[in-house]
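Letters go in sequence order (proteins before strands), and every chain restarts at 1. All values below were derived from every heavy atom in this structure, side-chain atoms included, with hydrogens, water molecules and symmetry-related copies excluded.
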Amino acid sequence: MTEHYLVLAAILFAIGGLGVLIRRNVIVILMSVELMLNAVNVTFVALARQHGSMDGQVIVFFVLTVAAAEVAVGLAIILMNFAQRKTINADEIRLLRG
Amino acid sequence: MEVLISLAKVIFAFVIVLQLTLVLLWVERKGSALIQDRVGANRANLFGGLLPFNLGIVNTWMADPLKLFHKEDIVPADADRFLHWLAPWIAIFPLFVTFTVIPFGDVLIAGGYTINLQGADLNLGILYVLAMLSMAVYGVIVGGWASNSRYAFLGGVRGSAQMVSYEIAMGLSLVSVVLTFGTLDFQEIARAQGDLLFGVFPAWGFFYQPLALLIFFIAGMAESKRAPFDLPEAESELVAGFYTEYSGSKQSVFMMADFVEVAIVAGLVTTLFFGGWQVPWLYRDGFHFPGGFHVFVPSLLVTVLQVLSFLVKLFLFCWLQILIRWSLPRLRYDQLMDLGWKRLLPLSLANVAITAVFVLLFDGKTVW
Amino acid sequence: MTLFWILACVTIPAALTVILHRNPVYSALALVFTLFQVAIMFVALDAHLIAFLQIIIYAGAIVVLILFAIMLLSLEPEEPGDGRSSLRAAGWGAAALLGLELVAIAAVFPDTPAAEKPLPEGYGSVAKIAERLFTTHLLPFELTSVLLLVAVVGAVVMARRRTGP
């Protein structure tokens, strides 16, 4: 049972990683990252169930808050960047590249 | 048998909602007419006018839905056809399933079965309601976006911002209710309200959490997107807001979603703050009036009285919302955000803090 | 177990839609759907509270924000294939490798049927999770509030800046 969920979570994580690698739309990249976070959450909950401990579920709670903070700040950055440079293409956002 | 009973309960909950939306539509037509000193819907002349009373209600109950479902379904050019079709269903589905967790009676004891009168028994009922209500936003956003119309789009954006903002105050006001009763289960909350305060008054949630009631009711009205919070569908500004480009049966589904939301808010207010199905002083074996006076009532009749009591309260709060809708003017957008974020949110936070202190000091309900 | 296979068959196509659909609105809606499936997985794994929080926070708030941003930017669907194709191929390869590696790790996981170990009383209930949260994990919990405050301040500061550099 547990290893089934672990395999599914691994596949979801890889799909999220694929999204980060092949897409250039920053918002889609953000969504792919959410997908990866969710895959990790599934792993936490599945392993928590396996061990009969609730710490895994508590950690998911923290991941949720971090995801919320991440999206709020991330979207603010994306919107500001769009307002100034009229692009959300990850290839064209290269301010930090020397 | 168990499966049949559960099915019957869910169907009963659905029937309540469906009938209530139709009745509300009629009440709103007649009620708004009453408020505005008009006659209202009265063109239903059945049996050649032989009946002594007017059957305007037939018009709303049968002719109107029939007409709506036969109208041509128009999809605007360049609209996203799939999402345009999907949006009404996204809007109404979470609302329908929300209603199933609201208990409409205590237990029905018949034929050796003890049936819990609640569509679905869920011990995390309040969280479930919050989750489902938060899904209702998508119908508005998707409908507004998929229509490919400026008006619809503006309505969708306004609607999503409004619903997300008021959800927070709504959730926090529910937190203080949960703290008071110490459970997330609607049925248990309703049962806990059968106690008496000072041995006289029924211990309804309203006495413990008046502020939460106010916040929840305002936020709930904002969630249902009706005046004075009807900015997403403001007819004088946006034609019909997010469902401008809808016609026929799809449009009627959106309209129905509005009424279901009114019914849900009324149902939640009834269950959390006004005793749900409780009839004051009525218990399983009859009335126990303060002062030791006891009247025996058969168990079956008790259940019937409780369901009736729930329906009457439900209807009263629906009527109250309709009354407010037709009495108050629409808020401006900045006033709306101001009310949500600067008034209701701090108030509900303070309420949670005060409630928590009281619960700690007096162990919850024994405060009285 | 049937539930798991249904979930798996629905979740993976939904997740692929998130990353492959050219229209970001569809991506976001597919993400909502995926999150719902994950919530059902949580219910199946006796994490009821977490499942509802997942729907309330993730599906009800986070993705609404994302959709909101997509609509404010009024994005056109992306043109296919104007990226550097070699990089895309490398991306697919890397993701496939990552997936294979993770699946391999998960597959060799020592298999102990969950039924063997009885779950403690009240597993996954609100009271028990709150107890853990406010005792063992109190410090991270308090730090979360600081994190959220920082995020709020950051978002507001960025949203208020009117002029460009």
Original post:
At a heavy-atom separation under 4.5 Å, does C/E131 approach chain A through its side chain, its backbone, both, or neither?
Top reply: neither
Original post:
When rounded to the nearest 0.5 angstrom, what distance separates OH in C/Y58 from CG in A/L37?
Top reply: 4.5 Å
**OP:** Go through the atoms of A/T43 and report whether side chain, backbone, both or neither lie under 4.5 Å from a heavy atom of chain C.
**Re:** neither
Subject >> Option in A/V60, A/L35, A/I29 with maximal non-hydrogen atom pairs under 4.5 Å from chain C >> reply: A/L35
Original post:
Given C/V38 and A/N41, is the side-chain contact (heavy atoms from CB on, under 4.5 Å) satisfied, shown in steps?
Top reply: CA-CA 9 Å; C/V38 172; A/N41 282 353; 5.5 Å; no
**OP:** Can you measure from CZ (C/F4) to CG (A/L8) and round to the nearest 0.5 angstrom?
**Re:** 4.5 Å
Subject >> Closest contact, heavy atoms only, C/L31 versus A/M31 >> reply: CD2-CG, 3.8 Å
Subject >> Heavy-atom pair count under 4.5 Å with chain C, highest-scoring of A/G16, A/A48, A/G17 >> reply: A/A48
**OP:** Name the region of A/V20, side chain, backbone, both or neither, that has any atom closer than 4.5 Å to a heavy atom of chain C.
**Re:** neither
**OP:** Kindly compute the distance separating CE (A/M54) from NE2 (C/H137), expressed to the nearest 0.5 Å.
**Re:** 9.5 Å
Subject >> Top contributor to chain A interface from C/A96, C/A151, C/A44, C/G154 [non-hydrogen pairs under 4.5 Å] >> reply: C/A151
**OP:** Measure the CG-CD1 distance between A/L64 and C/I50 for me, rounded to the nearest 0.5 Å.
**Re:** 6.5 Å
Subject >> C/I19 side, atom CD1; A/L18 side, atom CG - distance, nearest 0.5 Å >> reply: 4.0 Å
**OP:** Pick one of side chain, backbone, both or neither for A/A9, based on which atoms fall under 4.5 Å of a heavy atom in chain C.
**Re:** neither
Original post:
Side chain, backbone, both or neither: which part of A/I77 has an atom under 4.5 Å from a heavy atom of chain C?
Top reply: both
Original post:
Where does C/A28 contact chain A at under 4.5 Å (heavy atoms): side chain, backbone, both or neither?
Top reply: both
Original post:
For C/L49, is it the side chain, the backbone, both or neither that has a heavy atom under 4.5 Å from a heavy atom of chain A?
Top reply: neither
**OP:** Determine the minimum heavy-atom distance between A/I15 and C/A15, stating which atoms define it.
**Re:** CG2-O, 3.7 Å
**OP:** For chain A, find which of C/S27, C/A61, C/A155, C/P140 contributes the most heavy-atom pairs closer than 4.5 angstrom.
**Re:** C/P140
Original post:
For C/I62 and A/A67, which heavy atoms make the closest approach, and how far apart are they?
Top reply: CD1-C, 3.9 Å
Original post:
Relative to chain A, which segment of C/I57 carries a heavy atom at a distance below 4.5 Å: side chain, backbone, both, or neither?
Top reply: side chain
Subject >> chain A contact via C/F141 - side chain, backbone, both or neither, heavy atoms under 4.5 Å >> reply: both
**OP:** Apply side-chain contact (heavy atoms from CB on, under 4.5 Å) to C/M158 and A/V73, showing your working.
**Re:** CA-CA 9 Å; C/M158 251 178 296; A/V73 177; 4.1 Å; yes
Subject >> Portion of A/V45 that has a non-hydrogen atom of chain C nearer than 4.5 angstrom >> reply: both
**OP:** Test C/Q54 against A/N38 for side-chain hydrogen bond (donor to acceptor under 3.5 Å, both in side chains), laying out the working first.
**Re:** CA-CA 9 Å; C/Q54 162 100 357; A/N38 264 279; 2.7 Å; yes
Original post:
Which distance, rounded to the nearest 0.5 Å, do you find between the CZ of A/F61 and the CG of C/L53?
Top reply: 6.5 Å
Subject >> Under 4.5 Å from a heavy atom of chain C, the part of A/E70 involved >> reply: neither
**OP:** Identify the two heavy atoms, one from C/L98 and one from A/A14, that lie closest to each other, and give their separation to 0.1 Å.
**Re:** CD2-CA, 4.3 Å
**OP:** With a 4.5 Å cut-off on heavy-atom pairs, point out which of C/L148, C/L7, C/I66, C/L35 contacts chain A the most.
**Re:** C/I66
Subject >> Part of C/L45 lying under 4.5 Å from any heavy atom of chain A >> reply: both
Subject >> Least distance between heavy atoms, C/A94 atom then A/L21 atom >> reply: CB-CD1, 3.8 Å
